[in-house]
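This report concerns only the one structure given below.
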Amino acid sequence: MKPTRYIFWLMVLIVGLSGCKKEKIYTYEVNDVGVEQPGAVKPNVKADLEFISIAHTDLFGSTIDPDLLEEMVRSYQSFGDKRGIIDMIILNFLNEPNVQVPTDGDMRADVDQFVTDAYVRFFVREPTAFERWFVADVIRKDASITPELVYYAFLTSNEYRYY
């Protein structure tokens with residue numbers, strides 16, 4: 001054999017032996033920790049009657065007339081696009097003259113309190129620090145944001161559909 005072949009096989013042997021080390025497995029004992037905000041986990045969807053009735057109560061501070069509720073539920077159930085009819089119902093409620101929505105001046109006088117009140121009113125929970133900051137920041141940065149728009153966003157959110 002040629003000396004270059006010996007060197008080649010010697011190199012293969014050295015690389016093969018040096019690459020066959022058993023990998024060490026490190027085990028760390030870490031306890032699982034559930035990270036959830038109390039009150040934010042809502043597994044049950046509101047029924048059609050519940051959704052419309054609760055939205056009316058949240059916006060007007062009184063129960064809905066049974067005839068109006070029946071008419072709205074019939075419309076809701078007969079319409080194929082549920083998100084579309086929810087938008088129409090909420091917009092209809094927000095355009096009523098006796099809806100209880102703060103004025104723009106009241107909202108901007110204490111934005112943090114307005115955001116906290118909206119979370120408690122619609123989601124029945126306190127906002128996290130991030131949620132409070134985020135919504136308040138959006139309101140402060142955009143003068144075209146009205147209380148009606150904020151209420152519309154809360155009422156049409158996924159979290160509002162659950163309890």
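From a predicted model like this one, the values you see are computed outputs, not experimental measurements.
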Nearest heavy-atom contact between Glu96 and Val99 is O-CG1, 3.3 Å

Mind checking whether Tyr160 and Phe123 have parallel, tilted or perpendicular rings, split at 30° and 60°?
-> tilted

Pro147 versus Thr103: any side-chain heavy-atom pair under 4.5 Å?
-> no

In terms of heavy-atom contacts, Val45 and Glu50 come closest through O-OE1, 4.3 Å

Establish whether Val150 and Val120 are linked, either directly or via other cluster members, by ILVMFWY side-chain heavy-atom contacts under 4.5 Å.
-> no

Could you grab the distance from atom CD1 of Ile145 to atom CZ of Arg108, nearest 0.5 Å is fine?
-> 7.5 Å

Calculate, to the nearest 0.5 Å, the distance between atoms CG and CZ belonging to Asp137 and Arg132 respectively.
-> 14.0 Å

Minimum-distance pair of heavy atoms, taken over all atoms of Ser53 and Leu69 = N-CD1, 4.1 Å

State whether a side-chain donor-acceptor pair under 3.5 Å links Arg121 with Tyr151.
-> yes

Test applied, side chain to side chain contact (heavy atoms under 4.5 Å, CB included); reference residue, Val73; option that passes from Ile52, Ile89, Leu68 | Ile52

Between the CD atom in Glu131 and the CZ atom in Arg125, the distance rounded to the nearest 0.5 Å is 4.0 Å

Intermediate values then yes/no, side-chain contact (heavy atoms from CB on, under 4.5 Å), Thr116 and Glu126 = CA-CA 6 Å; Thr116 300; Glu126 294 283 326; 3.4 Å; yes

Would you find a donor on one side and an acceptor on the other, under 3.5 Å apart, between the side chain of Asp142 and the backbone of Val138?
-> no

Counting distance only, does the side-chain N/O of Ser78 pair as donor-acceptor with the main-chain N or O of Ser75 below 3.5 Å?
-> yes

Rounded to the nearest 0.5 Å, what separation is found between the CG atom of Leu91 and the CD1 atom of Ile86?
-> 11.5 Å

Contact check, side chains of Tyr152 and Ile90, non-hydrogen atoms, under 4.5 Å = yes

To the nearest 0.5 angstrom, please state how far the CG atom of Asp112 sits from the CG atom of Asp110.
-> 6.5 Å

State the OG1-CD1 distance between Thr146 and Ile139, to the nearest 0.5 angstrom.
-> 9.5 Å

Should we count CZ of Phe134 as having more than 12 external heavy atoms under 6.0 Å?
-> no

Of the options Leu59, Leu155, Asp58, which is the one that meets Phe93 in a side chain to side chain contact (heavy atoms under 4.5 Å, CB included)?
-> Leu59

Over all heavy atoms of both residues, which pair between Asn92 and Met72 is shortest? Give the atoms and the distance, please.
-> ND2-CE, 3.6 Å

